[in-house]
Amino acid sequence: MVHVYNCHPFASQQIVPTEQEPGLVCCGGDALFVVSGGGCKIEAFQVREEGCTLICRFSAMGKVQTIAYCETGDYLVTIEEKNQATYLRAYTNWRHQAAERTRVGVRLLGHFLRGPSVRAAPREQMEIIEIPLREPPACVACCGATGGLLVGCADSAVVFGLRGQALGEQRAVLDFERVLVLHTPGWTASRAALCGDHVALQRDLDVLVVRLRRLRPRPDRALVPADTAAGGGADLGAEGGPTGGSLPDPEDFYLCPRNQELLGEEARECGVSVTLESTSLEQESRAELGVTYVLYRNRRFAPDFSEGCSVEDTRLHSLQLLPIFAGPSDQDVADEVKHREPTSVFCFFSLPNTGYLYSIESSVELVSTYLYPEKAQQAALTGLFLHVITRNALMCFSVRCGAVAARCLDPYIDTMLKSCPYTSRTRTEHRLSVFLSRTVCHWDKRIFLAVGIEPSSSPGLESLLSKAYLSKKLAAPRPKEPEETSHGWNLYLISTVPAVQLYREMVEYSKKHESANLHSQSSLHLLSEAHLLLRAALLDPTASGPVDKEELQAAFQESCALLGDCYSRFHKRDSHLALPYYKMSGLSMTEIINRNLEFPRSSESFGKGFLFFLKHALDEETTEELSTETADKVLEVLGAAEPSQLPHAVCSPAMRNASAAGAFALLDRLEAAVPSVAVSLSKAAVALRMGSLQQYKQHMDRHAEMLQVYGFLEEPRLLLLRRAGGAVAPTELALWLRDTQEGLLVAAAVALHENGKVKLEEADAFFQELCKESRNEESGPQLLVDFWEALVVASAQEAVIQDLLFRLASVYIDRVARRERCSTKPLKTAEDLISSCPHYGLLFPWVSIVAPARFDIAHDYQEDLQKLQSLLCGPSLGGSSVLPLLEQLSDGEGAGLSVHLLCATKLGQHESCIDKLLDSCPEAIVAYAHQELQSEKTVLWWQKLLPELCRRSRSCGAAGAVLLSALRETLQVVSRELGPLEFLQVLPSDGSAEFFLPYLLECSQRGSAA
């Protein structure tokens, strides 16, 4: 189905008189070429906005059957017939004929004049290059991006590359190199198209599109079958088609009709054998080439011949490959243009009554199908429109190239932030104008060219033209009539309306449909078409200058706003699209809300799209604050349409200026209908803003703290707000809880983190900001340390736990080293953490001996020391991470010594720990040995501890009794672990036998019993 609107895509027409009946026409850049004089004369016109002037006129060497122009290289290529022979020729430097020079150089492909005469030869001359072929050429196509040339012949297609050849120091000429031959047995193309690596070939009822791929350096062989290359198609047997012979003639379709539409990899089953023959002489090009089948369609288009249709009614025409480029490019630098990669490539071909548009770059899909009301003679596709010529009409259809290219550029375009109308929407016919013509061509999405017949043979033509193009919508003045002395054959140069102008007309047209109560479909469809028109214009980097780009961008944002209005005001299935279109419009939240509030409605209800926008806009981080009037109106709208969103709206930073009394009344009404924890907390926050502590306490006391934590999970913005740039700030309620219910505040922050509502860095910043006014601890606010301790207890994320343990150890060490006295009492004591958290271990007995609890030490200092010792006694904190922090902690006294010993023990440095204990605290050596010298460390009892105790006990000082007691305990352990002979070996040779004899006897008795 196609929507038909009476828009005006054509701005003006220019009538260009010709001396003889015009035949073939082609154009490109600023040039228009017309073949006249029975096919032997070529006229070149310069196309400009102010007129169309003749550049030059020259004769072809034969009768021109096909003509094509390539802007890259500025050359003209023709298929000519002379003396019943067909030739392929390229015309370069043709602009020099404007100086009326008669000198023309003719040469063969790859042959140049050599010797001294080169420098003397004039440079200002047109050159005709004869391009020899094995078979007569049937069709020709040029690639505007690379300057390449594709020639279709019987059973093959030849690809030529454009080359620049330097002759001497002052002369450079263009030439072509035969790069590749595609052998297609049984396939003689009637029309061809070339775009980069894409090759399209068309017969009367078949279309084949392939893509050439360079794989790896190829061996010395001439032919590379497609089925040996990656992605190539395999030759098929009788079921799939002939493998080496010719394909059946079109008459065979009567006997065995077969409908096929093969896309992508499936196209390999088309039965067309493609064999590549590399003919390039350059080493870089001698790489193994592969062909990927992209698209094949055949007799699917054929109607039921039993109904009286002929083959002529089913022949394809107007094959075209259209690349869409996006991004910056320098058209003045040929190399940059040559190597530009298209964002998307489209293939178009047409039946007399139907046109087909495919996207073939990344994925192959049918984008649009166009149904013509009458038989089409020719069609031309641009990035903005599809122009179709019928016997007596000129039609202009919308295209979806911009939407496909936009999705190729941004695969995430369909999100909450941006959107684009889908390609599946119904196409639009913008205009059906009466115009008698036979040929149509175009260039650069701006110029539409039609060749008209002799006016004298068509009565009333000029009046029809006047109606079609010279209406009040057209900006151009009425064209002058051709002079009476000129012949009646004319060229009609039709200029399309600028995208912004047509967009504005379509917007006005949509308003008429809206006023006629047709907005549900037609208005939205027209606005979507206008949006796609601007998007396609913006994708073209060469379509306009900077000023026009700004105008296009402004119109694009306006179209987004209009689409947002359309989706927001009515209950449509896709009403959620109001949000991304409003996001792309550049409008502020206030402007969007006012647009919807001012829109006349039949009732007080608001559209789903507007409510969807409000919900998400109020949930976002924004620096925009609504005025009191607007904020109160938003609360009224939500209270009437979406009362469940009121708690979230009240907490939004954009609603800071809303009336607290009005918000409280709406929340009170909601709580009466649907009570919940979030509503109670929201009312408490609003009461706090109002200064009513009694109402605040009343609503906070309605639920237990655990339920309140769930309420904060439902709406985190009750506690913290995110500002632009990612910064977080505490709310007024959070500041109040800091002073009254810090336990609830910490528990809520832990729950938010564990449920993914807040990141650890954000929570740290939140507590830093929360306590910046009351903080006097150098090592950080106690509330932040409380949060870390609570999070260590609750978290199950190993990476987070290790990070938190290191932070806590740093704080504990810093406080112990500074003997800092905290002004805030911690929420958890060391005993609480040891009993509730597996990462805090029970204090080892020897630790209590080294650093006993003393009454002369501050209680909070002792708590931090015990927490640090407990962490090092636990299984999770590694000693290597803490070791660099111990430099600030002296081991000269018990507290520091215990921490150093715990860290060294975790690192396996037991021998050094034994030495330190014997030096500083021998009372704890036995307890240390019983705790740490286990399993594989048991050997240290007799290899390290026993010799040290024996040696130190000889020089008994004040600690003699302690050392002797430790030695006896050690000997008891050694006697239990070793046999008699081993025990004798570890005893000191200079020891007293009476001292060791009881232990030796015990050891012997134990050994005998064993």
Side-chain angles (χ1 to χ4, degrees), residues 410 412-420 557 560-561 563-565 567-569 574-597 606-639 641-658 663 666-667 678 681-682 685-686 711-734 752-753 755-759 761-763 765-766 769:
D410 185 1
Y412 305 101
I413 195 170
D414 298 309
T415 63
M416 292 294 186
L417 298 178
K418 45 195 170 182
S419 184
C420 179
Q557 291 183 335
C560 293
L563 281 173
D565 292 341
Y567 281 111
S568 69
R569 294 171 181 173
D574 298 328
S575 57
H576 64 280
L577 294 177
L579 178 62
Y581 281 116
Y582 275 144
K583 289 290 183 184
M584 296 189 296
S585 69
L587 296 175
S588 65
M589 189 190 308
T590 301
E591 292 171 332
I592 295 172
I593 292 174
N594 290 335
R595 290 168 73 101
N596 285 272
L597 294 179
F606 289 86
K608 291 182 179 179
F610 177 54
L611 297 176
F612 185 82
F613 165 79
L614 274 183
K615 173 184 176 182
H616 286 271
L618 294 177
D619 282 343
E620 293 176 356
E621 306 167 15
T622 178
T623 58
E624 181 183 359
E625 295 183 3
L626 301 179
S627 65
T628 301
E629 181 182 359
T630 304
D632 290 345
K633 188 62 178 178
V634 169
L635 289 178
E636 291 180 13
V637 171
L638 293 177
E642 291 282 346
S644 61
Q645 294 299 318
L646 283 174
H648 309 290
V650 168
C651 299
S652 174
M655 303 288 290
R656 186 183 303 274
N657 298 323
L666 291 172
L667 288 171
L681 291 176
S682 300
V686 175
F712 289 125
L713 276 178
E714 186 176 347
E715 183 46 73
R717 290 179 299 177
L718 285 166
L719 294 179
L720 58 89
L721 298 175
R722 288 182 175 87
R723 296 170 178 168
V728 294
T731 63
E732 187 176 354
L733 177 59
L752 290 175
H753 177 272
N755 287 272
K757 304 287 187 179
V758 176
K759 297 179 181 178
E761 294 76 11
E762 293 176 334
F766 167 74
E769 183 71 18

Notebook entry, point to check: Angle class for the F612/H576 ring planes (parallel below 30°, perpendicular above 60°, tilted otherwise)?
Noted result: perpendicular
Next item on the list: Name the orientation class of the two ring planes belonging to F610 and F613 (parallel below 30°, tilted from 30 to 60°, perpendicular beyond 60°).
Entry: parallel
Checklist line | Donor-acceptor contact present, side-chain D410 to main-chain Y412, <3.5 Å | finding: yes
Residue list, side chain to side chain contact (heavy atoms under 4.5 Å, CB included) with [X], at least two apart or on another chain:
X	value
E591	L587, S588
E642	L611, L638, S644, Q645
A765	V728

State the [atom1]-[atom2] distance between [X] and [Y], to the nearest 0.5 angstrom.
X	Y	atom1	atom2	value
L681	C651	CG	SG	9.0 Å
E762	H753	CD	NE2	9.5 Å
L718	L733	CG	CG	6.5 Å
M584	C560	CE	SG	4.0 Å
S652	E624	OG	CD	10.0 Å
L635	L646	CG	CG	6.5 Å

Next item on the list: Answer yes or no: are there more than 12 heavy-atom neighbours, outside E629 itself, under 6.0 Å from its atom CD?
Entry: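 Atom CD in E629 is not packed in, count stays at 12 or less.
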With side chains defined as the heavy atoms from C-beta onward, is the minimum distance between [X] and [Y] less than 4.5 Å?
X	Y	answer
R595	R569	yes
I413	S419	no
Y567	L579	no
I593	V634	yes

Using every non-hydrogen atom in the two residues, find where [X] and [Y] come nearest and quote the distance to one decimal.
X	Y	value
T622	A654	CG2-CB, 4.1 Å
A578	G609	CB-O, 3.8 Å
S682	P647	OG-CB, 3.4 Å
F766	A734	CZ-CB, 3.9 Å
S585	Q557	O-CB, 3.3 Å

Note to self: Could you check whether E715 pairs with R717 (Lys NZ or Arg NE/NH1/NH2 to Asp/Glu carboxylate O, under 4.0 Å)?
What the structure shows: yes
Next item on the list: Carefully, step by step, assess K615 and E620 under the rule salt bridge (charged side-chain N to carboxylate O under 4.0 Å, His left out).
Entry: CA-CA 9 Å; K615 173 184 176 182; E620 293 176 356; over 6 Å; no
Item checked: Working for side chain to side chain donor-acceptor pair (under 3.5 Å), residues D565 and Y581 -> CA-CA 9 Å; D565 292 341; Y581 281 116; over 6 Å; no
Next item on the list: Would you check if there is a donor-acceptor pair between the side chains of N596 and S568 at a distance under 3.5 Å?
Entry: yes
Check: Can you list the steps and then say if T731 with L720 is a side chain to side chain contact (heavy atoms under 4.5 Å, CB included)?
Finding: CA-CA 5 Å; T731 63; L720 58 89; 5.6 Å; no
Item checked: Option from L721, T628, L626 for which side-chain contact (heavy atoms from CB on, under 4.5 Å) with R656 holds -> L721
Checklist line | Pair M589-L618, side chain to side chain contact (heavy atoms under 4.5 Å, CB included): steps then yes or no | finding: CA-CA 9 Å; M589 189 190 308; L618 294 177; 4.1 Å; yes
Checklist line | Derivation and outcome, side chain to side chain contact (heavy atoms under 4.5 Å, CB included), residues M416 and H616 | finding: CA-CA 9 Å; M416 292 294 186; H616 286 271; 4.0 Å; yes
Next item on the list: Starting from the C-alpha separation in whole Å, work towards a yes-or-no answer on side chain to side chain contact (heavy atoms under 4.5 Å, CB included) for M655 and D632.
Entry: CA-CA 8 Å; M655 303 288 290; D632 290 345; over 6 Å; no
